[in-house]
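Reviewing the structure listed below.
Residue numbers count from 1 along this sequence.
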Amino acid sequence: MEDIQKQVDTRNIALKKVGIKDFKCPISVLDRENKSQNTIAKIDAAVSLSHDIKGTHMSRFVEIISEMDRISPENIEKILDNMIEKLDSESAYMKIDFDYFIKKLSPVTKIESLTDVKCYYEATKDEEFKFLMGVSVPVITLCPCSKAISEFGAHNQRAVVDILVDMNGLVWIEDLVKIAEESSSSPVYPLLKRKDEKYITEQSYLNPRFVEDVAREVALRLEKTEKIRWYSVKVESMESIHNHSAFAYTEKSYI
Ligand SMILES: Nc1nc2c(ncn2[C@@H]2O[C@H](COP(=O)(O)OP(=O)(O)OP(=O)(O)O)[C@@H](O)[C@H]2O)c(=O)[nH]1
């Protein structure tokens, strides 16, 4: 059977990434409390393609991903090495998006429930291995300006804190969630009784935060986290008084 992918290409254009996108499969990730947590991943996987080869062998990505067991920085590097070898390439890339579930206690009634946090691992292997972990944490922001100029009340809304880190050691997802929540007007919770709702309404009012405040508070805490050598922070507040968001972004320059 003819192997079109193997044909020579003469246009002299190398491709940085060729592969598969949005491949879904069950995975198991590290979990601080229970050692591992089963979830569903959406995976992009790619390799570089030399200028003189017509196409990559897409089926091999699925073969390699299907052999994956628990996802951790160590075994992601092995998977990328496997992709480089099996697809005869110089570099490999993988992005793994997944929902991670964290136990939360309601603030006053202390009732336990599970909340989901969108996370992703993004890894590249060429001469070196680069691994980034990202979390998107939903929080509440209450506007300091609205509070200061109003007789009563202040506009407040859900916001999302996106933290991306380059780690030199294991940083737990739970620790990044805690940093985001401590930096905002209040965390959000899956389960709230009226006593809890009263508490977070007042807690938010006592902790007004611009998006700029949240970004700076998160950056301050990440600076103090020794296992983080680089980070970026993006805070987007879905403003309740506008049909657009407010946002703030910062990142640490690599030393
Ligand atoms: N490179 C490339 N492959 C594609 C494209 N569209 C479909 N294919 C894939 O071609 C694949 C089959 O090619 P290979 O993966 O090389 O399959 P194979 O040659 O039988 O398997 P190997 O012996 O491992 O190379 C199918 O899985 C399709 O997904 C495309 O745009 N580019």
Side-chain angles (χ1 to χ4, degrees), residues 1-7 9 13-32 34-102 114-138 160-167 170-174 176-177 232 234 236:
M1 192 182 280
E2 199 178 354
D3 193 341
I4 298 287
Q5 281 83 344
K6 269 196 182 140
Q7 283 180 359
D9 198 284
I13 305 277
L15 299 175
K16 287 208 176 308
K17 283 184 188 155
V18 295
I20 60 175
K21 189 165 171 33
D22 298 343
F23 178 81
K24 282 202 175 171
C25 64
I27 59 166
S28 141
V29 294
L30 294 174
D31 178 313
R32 184 172 64 180
N34 313 309
K35 297 214 179 335
S36 71
Q37 179 176 142
N38 295 324
T39 184
I40 303 283
K42 194 167 70 169
I43 299 179
D44 297 352
V47 292
S48 56
L49 188 70
S50 168
H51 66 87
D52 55 356
I53 299 173
K54 184 173 185 64
T56 190
H57 300 282
M58 298 281 180
S59 64
R60 299 183 196 176
F61 290 101
V62 178
E63 286 171 331
I64 293 166
I65 290 170
S66 306
E67 290 158 12
M68 280 188 333
D69 53 19
R70 185 182 301 177
I71 300 280
S72 69
E74 294 68 39
N75 64 29
I76 287 182
E77 182 170 10
K78 289 191 196 98
I79 295 161
L80 294 181
D81 289 336
N82 198 7
M83 280 164 55
I84 287 171
E85 191 212 330
K86 293 245 169 69
L87 286 139
D88 190 22
S89 183
E90 314 254 299
S91 71
Y93 167 84
M94 198 173 211
K95 183 164 185 278
I96 302 172
D97 287 278
F98 59 95
D99 287 339
Y100 183 81
F101 291 86
I102 295 178
L114 282 179
T115 192
D116 63 302
V117 178
K118 295 210 171 309
C119 301
Y120 67 90
Y121 296 142
E122 189 164 29
T124 307
K125 180 76 185 275
D126 40 35
E127 292 73 40
E128 55 173 2
F129 175 58
K130 198 160 180 204
F131 178 87
L132 299 174
M133 176 170 77
V135 294
S136 288
V137 186
V160 178
V161 181
D162 291 322
I163 299 174
L164 184 60
V165 294
D166 181 357
M167 309 173 280
L170 189 60
V171 174
W172 294 104
I173 291 169
E174 289 85 348
L176 296 182
V177 170
S232 71
K234 181 169 85 72
E236 178 177 351

Pair I163-V165, side chain to side chain contact (heavy atoms under 4.5 Å, CB included): steps then yes or no: CA-CA 7 Å; I163 299 174; V165 294; 3.8 Å; yes
Worked check of side chain to side chain contact (heavy atoms under 4.5 Å, CB included) between L176 and V137: CA-CA 9 Å; L176 296 182; V137 186; 5.8 Å; no
Evaluation steps, side chain to side chain contact (heavy atoms under 4.5 Å, CB included), between F101 and D31: CA-CA 9 Å; F101 291 86; D31 178 313; over 6 Å; no
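Summarising the geometry, atom OG belonging to S89 is positioned 12.5 Å from atom NZ belonging to K125; distances are rounded to the nearest 0.5 Å. Here Q7 contributes atom CD and Q5 contributes atom CD; the two are 9.0 Å apart, rounded to the nearest 0.5 Å. To the nearest 0.5 angstrom, K78 atom NZ is 13.0 Å from M68 atom CE. Summarising the geometry, atom OG belonging to S91 is positioned 9.5 Å from atom CG belonging to L80; distances are rounded to the nearest 0.5 Å. Here F131 contributes atom CZ and D166 contributes atom CG; the two are 9.5 Å apart, rounded to the nearest 0.5 Å.
Between the T56 side chain and the G19 main chain, no donor and acceptor come within less than 3.5 Å of each other. With D126 contributing its side chain and E128 its backbone, the two residues share a donor-acceptor pair below 3.5 Å. Judged purely by atom type and a 3.5 angstrom limit, D44 has no side-chain atom pairing as donor or acceptor with the backbone of M94. Distance alone, capped at 3.5 Å, is enough to place a donor-acceptor pair between the T39 side chain and the D99 backbone. Between the R32 side chain and the W172 main chain, no donor and acceptor come within less than 3.5 Å of each other.
By the 4.5 Å heavy-atom criterion applied to side chains, E77 and D81 are counted as neighbours. Here the side chains of F61 and L87 are in contact, with some heavy-atom distance below 4.5 Å. Between P26 and N38, the closest side-chain pair of non-hydrogen atoms is not below 4.5 Å. When side chains are defined from C-beta on, Y93 counts as touching E122, because their heavy atoms get closer than 4.5 Å. Looking only at side-chain heavy atoms (C-beta outward), L30 and L170 come within less than 4.5 Å of each other. Inter-residue side-chain proximity for V47 and V18 is flagged as met; some heavy-atom pair is nearer than 4.5 Å. Between V62 and I20 the shortest side-chain heavy-atom distance falls below 4.5 Å. Looking only at side-chain heavy atoms (C-beta outward), L49 and K54 stay at 4.5 Å or farther from each other.
Among all heavy-atom pairs drawn from A92 and M83, the shortest one is CB-CE, 3.9 Å. Shown here for C25 and I43, the closest heavy-atom pair between the two residues is SG-CD1, 3.6 Å.
Within a 6.0 Å radius of CG in D88, other residues, nucleotides and ligands contribute 12 heavy atoms or fewer. Other residues, nucleotides and ligands place more than 12 heavy atoms under 6.0 Å from the NZ atom of K95. Counting heavy-atom neighbours within 6.0 Å of E90 CD, excluding the residue itself, gives a total of 12 or less.
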